[in-house]
2 protein chains.
Amino acid sequence: MAEELVDAVDHSILRLLREDGRRTFSEMAAEVGLSVAAVKRRVDRLRDVGVITGFTVQIDHSKLGWAVEAFTELRYLGTTGAGEIVQTASALPEVQAVFTIAGDPDALIWLRVRDVNHLQQAIERLRRSGKVTGTKTLMVLGTWMRS
Amino acid sequence: MAEELVDAVDHSILRLLREDGRRTFSEMAAEVGLSVAAVKRRVDRLRDVGVITGFTVQIDHSKLGWAVEAFTELRYLGTTGAGEIVQTASALPEVQAVFTIAGDPDALIWLRVRDVNHLQQAIERLRRSGKVTGTKTLMVLGTWMRS
DNA sequence: AGTGAAAAGTAATGCCA
DNA sequence: TGGCATTACTTTTCACT
């Protein structure tokens, strides 16, 4: 058995950074009971090994006028590869995420749009952008996300 | 027409923070051509008006041993309210997000689990946790997320 | 709204246990 | 790996435009 990649202190640091990605090293150091330098070294290491892939801001998109969310299940021609699905779908600015799926459907697309009219346009562009054979769209009424 | 909540400079700042949520004010100030104090004031304001809801770290969960993702579509008894759906589903630690849906299904649950065995356990707990009448699970093979 | 400068706090680095 | 001390930056605040 190899040494574990992430110990309990690392998990505490990750939890603190999930709650507030701009927490200072000194604040985290006080919480986990290490020095500032030790915490920085752990965070640097977590980035190096790829556990931490980045930091980002959380945005309320409805306040920016993109109030409607939906998921679209896509079915593709049997010859279509996962890479091709991601490439064509992610080209649309309305596409927030692309999940390729085992079985039926072939992909699940997370869309964020201004309104229902905009949703229709986005779905139509999705349909035309690849070898899409069918779609089913789920309109999101409410969202809860962890953290 | 009211004054716009977010102008072009704010959008630039948001883009910079989406790319790296720990960017310094001085770095952003240089990018957008304002003083450090002006950028800080805008970020503070974006938080105050609720456009920015927080900052967080992006994590590669597969490196932490949670390698499997899935979406489960849930159908509930007709009497079940959206609040109840979110409350019961979000109680499971495997649940990453809950989307309540217009029509059929009633909810879409984003799950993150260690392995397929763990997925089965999570789905069984979901089924028993509320007035669930049916489920359909989509296994995620690959994920692409914007930014 | 924005600027510039001072004060306080934080990050980054090197050296030693 | 972690602690400590030093230096360089960054954040924060405030008076002024």
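So that the names make sense, note that chain A is the first sequence line, chain B the second, and so on, each numbered from 1.
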Colleague: Can you measure Asp7(B) atom CG to dA1(C) atom C1' for me and round it to whole angstrom units?
Modeller: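 After rounding, the gap between these two atoms is 10 Å.
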Colleague: Is Glu94(A) salt-bridged to Arg125(A), cutoff N-O under 4.0 Å?
Modeller: yes
Colleague: Just the rounded figure in Å: distance from C1' of dA11(C) to CD of Glu27(B).
Modeller: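 Rounding to the nearest Å, CD of Glu27(B) and C1' of dA11(C) are 14 Å apart.
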Colleague: Contact class for Arg45(B) (heavy atom, under 4.0 Å): base, sugar-phosphate, or nothing?
Modeller: nothing
Colleague: Between P on dT10(D) and CG on Asp20(B), what's the gap in Å once rounded to a whole number?
Modeller: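 Distance check: Asp20(B) CG to dT10(D) P gives 13 Å.
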Colleague: I need the single residue from Thr133(B), Thr135(B), Asp104(B) that forms a side chain to side chain donor-acceptor pair (under 3.5 Å) with Arg75(B). Which is it?
Modeller: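 Result: among Thr133(B), Thr135(B), Asp104(B), Asp104(B) is the only option passing the side chain to side chain donor-acceptor pair (under 3.5 Å) with Arg75(B).
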Colleague: Can you tell me which nucleotide in dT3(C), dC4(D), dT10(D) comes closest to the side chain of Ala37(B)?
Modeller: dT3(C)
Colleague: Counting only side-chain heavy atoms from C-beta out, which of dT3(C), dT10(C), dG3(D) sits nearest to Ser35(A)?
Modeller: dG3(D)
Colleague: Please classify the nucleic acid contact of Ala38(A) as base, sugar-phosphate, or nothing, using heavy-atom distances under 4.0 Å.
Modeller: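 Here Ala38(A) touches the backbone only, sparing every base.
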Colleague: Measuring to OP1 and OP2 of dT10(C), would you say a side-chain N or O of Ser26(A) lies under 4.0 angstrom away?
Modeller: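 Answer yes for this pair, as a side-chain N or O of Ser26(A) is under 4.0 Å from OP1 or OP2.
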Colleague: Calculate the interatomic distance between Phe25(A) atom CZ and dT10(D) atom P; express it in whole Å.
Modeller: 13 Å
Colleague: Among dT11(D), dA12(C), dG2(D), which nucleotide sits nearest the side chain of Lys40(A)?
Modeller: dA12(C)
Colleague: Tell me, yes or no, whether the heavy-atom count around Gln87(B) atom CD, taken from other residues, nucleotides or ligands under 6.0 Å, exceeds 12.
Modeller: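 Open.
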Colleague: Between Thr24(B) and Val36(A), which has a closest nucleotide on DNA chain D that is more 5'?
Modeller: Val36(A)
Colleague: Given Asp44(A), which of Arg47(A), Lys40(A), Arg41(A) fulfils the salt bridge (Lys or Arg N to Asp or Glu O under 4.0 Å) condition?
Modeller: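 The option that passes is Lys40(A).
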Colleague: Please give, in whole Å, the distance from dA11(C) P to Arg23(A) CZ?
Modeller: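 My rounded result for the distance is 13 Å.
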Colleague: Met28(B) CE to dC9(D) P: how many Å, rounded?
Modeller: 18 Å
Colleague: For Ile13(B) and dA1(C), give me the distance from atom CD1 to atom P, rounded to whole Å.
Modeller: 13 Å
Colleague: Check the orientation of Trp110(B) and Phe71(B). Use parallel for under 30°, tilted for 30 to 60°, and perpendicular for over 60°.
Modeller: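 Plane angle under 30°, so parallel.
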Colleague: Considering only dG3(D), dT3(C), dA1(C), which nucleotide approaches the side chain of Leu34(A) most closely?
Modeller: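 Side chain of Leu34(A) sits closest to dG3(D).
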Colleague: Mind calculating the distance between CG (Asp44(B)) and P (dG2(C)) to the nearest angstrom?
Modeller: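 Going from Asp44(B) (CG) to dG2(C) (P), I get 13 Å.
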Colleague: Side chain of Arg22(B) only, heavy atoms from C-beta on: which candidate in dA11(C), dG3(D), dA1(C) is closest?
Modeller: dA11(C)
Colleague: Mapping Val9(B) and Arg41(A) onto DNA chain C by nearest heavy atom, which one lands closer to the 5' end?
Modeller: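 Nearer the 5' end of the strand: Val9(B).
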